[in-house]
A.B. asks: 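Take a look at this one; I'll ask things after.
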Amino acid sequence: VIKTFHSGAEVERLIVTGMIVSGSYISRVSKIWKPEYFQSDYARKIADWCLEYHRTFSAAPQHHIEDIFKSRSREFQDGQRELAEEFLRQISKAHEARDNFNDDYLFEKTRKYFHKRALLMLSEKVEAFTLSDRTEQAHGAIKEFRSIATDMSPWINPLNNSVISEVFSNIDVNKIL
């Protein structure tokens with residue numbers, strides 16, 4: 001069995017790729033997303049743009065990410081714009097070379113990465129509290145920790161136009177009358 005190691009930057013690139021190209025993936029990720037899980041500022045900002053787009057249009061931005069980048073790239077700090085542009089270029093090239101996209105596989109990888117990041121952040125917080133003799137706060141942080149849970153039941157947004165259309169398209173009007 002070959003184990004593949006992915007660095008945090010590589011996993012974040014895969015996550016952002018999924019957020020850009022897959023509506024079902026971004027829907028699932030939006031439920032467990034916290035910006036602090038990302039280590040890269042520019043990847044975090046692009047992910048935030050994808051989530052904003054998703055909240056507005058209930059879809060992944062796909063090719064619209066280029067327009068979003070052009071209109072919002074001024075939000076980056078010095079040097080970050082070029083890094084973000086190269087990041088998006090790499091995502092585009094890798095996605096074009098890929099034959100298919102496995103939402104479920106990437107979501108599981110994302111969930112594990114977010115869980116790892118949450119644990120690392122908790123560890124840093126507990127260590128900082130402990131080193132400054134604030135053991136009660138360290139204990140409180142441990143007690144408040146919540147694991148990354150995935151929603152096991154399918155949730156639908158009853159105000160989403162595509163959900164409404166799908167529900168009403170399956171109704172036989174003759175049976176109602």
Side-chain angles (χ1 to χ4, degrees), residues 4-118 121 148-171:
T4 304
F5 172 77
H6 291 287
S7 69
E10 174 66 14
V11 174
E12 290 180 11
R13 186 181 62 74
L14 292 171
I15 293 169
V16 173
T17 300
M19 295 172 94
I20 291 171
V21 303
S22 173
S24 61
Y25 174 79
I26 195 170
S27 291
R28 293 170 72 189
V29 168
S30 68
K31 296 173 187 167
I32 63 171
W33 163 260
K34 288 187 180 177
E36 59 268 22
Y37 292 156
F38 268 34
Q39 297 176 77
S40 163
D41 291 336
Y42 57 85
R44 182 184 311 115
K45 188 173 295 290
I46 294 168
D48 281 336
W49 294 346
C50 291
L51 289 163
E52 282 179 36
Y53 185 94
H54 180 261
R55 280 189 295 273
T56 303
F57 301 105
S58 298
Q62 297 183 355
H63 64 277
H64 295 288
I65 196 65
E66 293 175 32
D67 298 329
I68 295 167
F69 180 79
K70 287 176 186 171
S71 67
R72 299 188 64 179
S73 63
R74 66 188 174 285
E75 296 175 18
F76 288 107
Q77 302 296 320
D78 295 334
Q80 293 286 306
R81 183 186 187 286
E82 292 77 18
L83 290 171
E85 194 168 26
E86 179 58 29
F87 180 74
L88 288 171
R89 194 174 298 120
Q90 289 173 1
I91 286 174
S92 179
K93 192 172 8 174
H95 184 66
E96 287 171 7
R98 205 171 265 170
D99 288 339
N100 58 4
F101 183 80
N102 187 335
D103 288 22
D104 294 330
Y105 174 78
L106 183 56
F107 183 75
E108 186 58 24
K109 182 182 276 307
T110 301
R111 191 191 60 73
K112 287 178 180 177
Y113 179 71
F114 285 178
H115 187 72
K116 177 182 173 181
R117 290 288 303 141
M121 291 183 301
I148 307 298
T150 56
D151 189 10
M152 299 308 285
S153 62
W155 181 87
I156 61 165
N157 179 353
L159 302 177
N160 181 303
N161 288 336
S162 62
V163 171
I164 294 169
S165 296
E166 183 179 338
V167 168
F168 284 105
S169 69
N170 294 328
I171 294 177

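Quick note: residue numbers are just sequence positions, from 1.
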A.B. asks: Hey, could you give me the OH/CG distance between Tyr25 and Asp103, rounded to the nearest 0.5 Å?
C.D. replies: 9.0 Å
A.B. asks: Is Leu88 close to Ile20 at the side-chain level, that is, under 4.5 Å between some pair of heavy atoms?
C.D. replies: yes
A.B. asks: What's the shortest heavy-atom distance between Tyr53 and Ala59, and which atoms?
C.D. replies: CD2-O, 3.4 Å
A.B. asks: For residues 47-71, which residue pairs pass the salt bridge (Lys or Arg N to Asp or Glu O under 4.0 Å) check, not counting sequence neighbours?
C.D. replies: Glu52-Arg72
A.B. asks: In sequence, state the C-alpha distance, the side-chain angles, and the governing distance for Phe38 and Arg117, and then conclude on side chain to side chain contact (heavy atoms under 4.5 Å, CB included).
C.D. replies: CA-CA 8 Å; Phe38 268 34; Arg117 290 288 303 141; over 6 Å; no
A.B. asks: Can you tell me how far the CG atom of Asp104 sits from the OG atom of Ser24, to the nearest 0.5 Å?
C.D. replies: 7.5 Å
A.B. asks: In this structure, are over 12 heavy atoms from other groups packed under 6.0 Å from Glu36 atom CD?
C.D. replies: yes
A.B. asks: Could you go through Phe101 and Leu106, starting from their C-alpha distance and side-chain angles, then the distance that decides it, and tell me whether this counts as side chain to side chain contact (heavy atoms under 4.5 Å, CB included)?
C.D. replies: CA-CA 9 Å; Phe101 183 80; Leu106 183 56; 3.5 Å; yes
A.B. asks: Take Trp49 and Phe76 through the test ring-ring contact (aromatic ring centres under 6.0 Å, His included) and record every step on the way to the result.
C.D. replies: CA-CA 12 Å; Trp49 294 346; Phe76 288 107; 5.5 Å; yes
A.B. asks: To the nearest 0.5 angstrom, please state how far the CZ atom of Arg89 sits from the CD atom of Glu82.
C.D. replies: 10.5 Å
A.B. asks: What closest approach, in Å, do Gly23 and Ile26 show between heavy atoms, and which atom pair accounts for it?
C.D. replies: O-CG2, 3.3 Å
A.B. asks: Where do Ala84 and Phe69 come nearest, in terms of heavy atoms and distance?
C.D. replies: CB-CE1, 3.9 Å
A.B. asks: To the nearest 0.5 Å, tell me how far Lys116 NZ sits from Tyr37 OH.
C.D. replies: 14.5 Å
A.B. asks: To the nearest 0.5 Å, what is the distance between CD1 (Ile65) and CD1 (Ile91)?
C.D. replies: 8.5 Å
A.B. asks: Find out whether Phe114 and Val29 are in side-chain contact, i.e. whether some heavy atom of one side chain is under 4.5 Å from a heavy atom of the other.
C.D. replies: yes
A.B. asks: Within 45 degrees of the ring normal and closer than 6.0 Å to the centroid, is that where the cationic atom of Arg28 sits relative to Phe107?
C.D. replies: yes
A.B. asks: Specify the closest pair of heavy atoms between Trp33 and Ala47, including all atoms of both residues, with the distance to one decimal.
C.D. replies: CH2-CB, 3.6 Å
A.B. asks: Can you check side chain to side chain contact (heavy atoms under 4.5 Å, CB included) on Tyr113 and Leu14, steps first, answer last?
C.D. replies: CA-CA 11 Å; Tyr113 179 71; Leu14 292 171; over 6 Å; no
A.B. asks: Verify the distance criterion only: is there a donor paired with an acceptor across the side chains of His54 and Ser30 at less than 3.5 Å?
C.D. replies: no
A.B. asks: Does the Glu12 side chain pair with the main chain of Ala43, one donor and one acceptor, at a distance under 3.5 Å?
C.D. replies: no
A.B. asks: Which heavy atom in Val21 sits nearest to a heavy atom in Ala60, and how many Å separate them?
C.D. replies: C-CB, 4.0 Å
A.B. asks: Answer whether the closest heavy-atom distance between the side chains of Gln80 and Asp41 falls below 4.5 Å.
C.D. replies: yes
A.B. asks: Short question: side chain of Arg81, backbone of Ser73 - any donor-acceptor pair under 3.5 Å?
C.D. replies: no
A.B. asks: One pair to check against side chain to side chain contact (heavy atoms under 4.5 Å, CB included): Val16 and Phe87. What are the steps and the verdict?
C.D. replies: CA-CA 10 Å; Val16 173; Phe87 180 74; 3.9 Å; yes
A.B. asks: If you round to the nearest 0.5 Å, how far is CD of Glu85 from CD of Gln90?
C.D. replies: 12.0 Å
